[in-house]
Number of protein chains: 2
Amino acid sequence: MTDKKYRTPDGYTADISVFTILTEELKAFTPPIMSLKIMLIKRADLTIEGDANIEAGKWALPGGFVQPDEDAYQAAERELTEETGITGIHMKHFGVYDKPGRDPRGWIISNAHYAIVPEHHLLKRKASDDADQVELFSVDEALQFDLAFDHKQIIKAAVSVITREILQTTAAKNFLPKEFTYSELQAVLSTVTKDSAILNEQAFARKIKALPFIELVEGKTTQRTSKKGAKLYRFNNMEILKPIYTARYN
Amino acid sequence: MTDKKYRTPDGYTADISVFTILTEELKAFTPPIMSLKIMLIKRADLTIEGDANIEAGKWALPGGFVQPDEDAYQAAERELTEETGITGIHMKHFGVYDKPGRDPRGWIISNAHYAIVPEHHLLKRKASDDADQVELFSVDEALQFDLAFDHKQIIKAAVSVITREILQTTAAKNFLPKEFTYSELQAVLSTVTKDSAILNEQAFARKIKALPFIELVEGKTTQRTSKKGAKLYRFNNMEILKPIYTARYN
DNA sequence: TTAACAATTATCATTTTGTTAATTATATAT
DNA sequence: ATATATAATTAACAAAATGATAATTGTTAA
């Protein structure tokens, strides 16, 4: 492939917007208060080869070049593991950023992925070596930084995609333990919506029993969120596609 | 960029799954019967340079290599215009196909896009020169062919994406004239759903008046679909995000 | 013993839906 | 001219879901 009739890119990378939903307050017998966080890394001053690094010192999305034997998805998985020690989580490709000029090093294509990481996986991260370069920020905080490359644009797109995914698919399961209470689910959903039918306790407690993709765990309760004890629910494997044309608007 | 520490792809392409919704039967004063179609091209025996073409004779998605001065999205737009003469339509990127081995010519990355083309734009296509190599097929037909490369997989993903988009966003507008009747909207939606609340006339006629993203065109009717004349509706620019957690299931 | 509190159930008026039927307006066939 | 067929639309009413507010339950901790 030497005499090419077409242009070849100068680099092919995979970036990952790692989201987690952190429990801000965790008191015994109390429903959690959660917030949506994104993981950023601070770019090093020097490359591994010892050269001055591009966009050094700026906060950026984790990611890196795709290796010869892998595709972008595998590269994203590998980078995520290297950065955080996390494996086997929910990750998806959601966009390509390939505008000429987006990276001063040349025509570098970024495959943007997002990942949903349950909170408890992050305990490992805290113990890892370069944890001082990796931080979680609320989305609002993150967007106020002077981020590297076009990462501000990528993050905005990722937030929009993940919001839609949490509300219109069963992706919330990736932020929850296998068995959860209604208030835990409510806490996850409330990080991305203000819908009163979800925020209102009574309405949501009634509704959860009618959702075909959630089932009650029979004869089992937890005191995680209440002294009285609360029923446990789990997602079954039903996937839902509800048209906006049949929803209620009032 | 000669001494690279990372692999560079052998080619960077953009493929487009062009969907249209064709009116199968169009009698005067009668609601249309529509079906979802995808556009395929038959790959030529020879390349422009006169060499034997890869995957020659097979049906494939339109697309081609990204040029040096454009990104994949612009390439998809350009290819679509070259193939069909269509401009200014709804097109989106939905996936990357970059598995090593997917293209025998090397490590060729495909950026998969889908486009939604209103029927009336296609009349131009019929008049174009190489129309004999371009055909519309129902999705079921298309998936039975021995398609080039991994295009079967790409098409399946595209259908899933477009179904979700038509039902959960206002993308149906791209298959309809600016002002449309309830039965025309119903015909579009029925190509991707069997939901009885949409298929049932009375229920849907009642519902359309309550949808916040659709408004009545005052004092204007059409006889396109009925001798009696039917009210006209239009989409306003409201975008909707309805959680599955607040929908009705019965 | 009691206050506090999350979870859950109860109540009831209001709204929406499912279902079936009736009405309307008009082109076409007779 | 008149009747017929047909799509759009409205009507009617029982059944179901929702909104709003209140009451009940079970447990810990003061």
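Worth knowing before you read on, the calculation uses all heavy atoms, side chains too, and leaves out hydrogens, waters and symmetry mates. Every chain is numbered from 1, with letters handed out A, B, ... down the list of sequences.
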- Query: How are the rings of A/Phe204 and A/Tyr182 set to each other: parallel, tilted or perpendicular (split at 30° and 60°)?
  - Reply: tilted
Do [X] and [Y] get their side chains close enough for a donor-acceptor pair, meaning under 3.5 Å?
X: A/His90; Y: A/Glu165; answer: yes
X: B/Thr169; Y: B/Glu239; answer: no
X: A/Asn111; Y: A/His93; answer: yes
X: B/Gln153; Y: B/Tyr97; answer: no

- Item | Worked check of ring pair (Phe, Tyr, Trp, His ring centres under 6.0 Å) between B/Phe175 and B/Phe19 | CA-CA 9 Å; B/Phe175 287 114; B/Phe19 290 97; 8.1 Å; no
- Item | Contact pattern, 5' to 3', of nucleotides 3-15 of chain C - B, S or - by protein heavy atom under 4.0 Å | ---BBBB-B----
- Message: Five pairs per end, C1' atoms only: what is the angle between the end axes of the helix from C/dT1-D/dA30 to C/dT30-D/dA1, to 10 degrees?
- Response: 10°
- With a 4.5 Å heavy-atom cut-off, do B/Lys209 and B/Leu216 have their side chains touching? no
- Beyond-backbone contact of B/Asp15 with B/Pro62, side-chain heavy atoms, under 4.5 angstrom: no
Euclidean distance, atom [atom1] of residue [X] to atom [atom2] of [N] [Å, nearest integer]:
X: A/Lys207; N: D/dG19; atom1: NZ; atom2: C1'; result: 13 Å
X: B/Leu185; N: D/dA8; atom1: CG; atom2: C1'; result: 15 Å
X: A/Leu199; N: D/dA20; atom1: CG; atom2: P; result: 13 Å
X: B/Ile208; N: D/dT10; atom1: CD1; atom2: P; result: 12 Å
X: A/Asp195; N: D/dT18; atom1: CG; atom2: C1'; result: 13 Å
X: A/Lys27; N: D/dT27; atom1: NZ; atom2: P; result: 21 Å
X: B/Ile198; N: C/dG18; atom1: CD1; atom2: C1'; result: 16 Å
X: B/Arg224; N: C/dT26; atom1: CZ; atom2: P; result: 17 Å

- Message: Does A/Lys92 have more than 12 heavy atoms from other residues, nucleotides or ligands lying within 6.0 Å of its NZ?
- Response: no
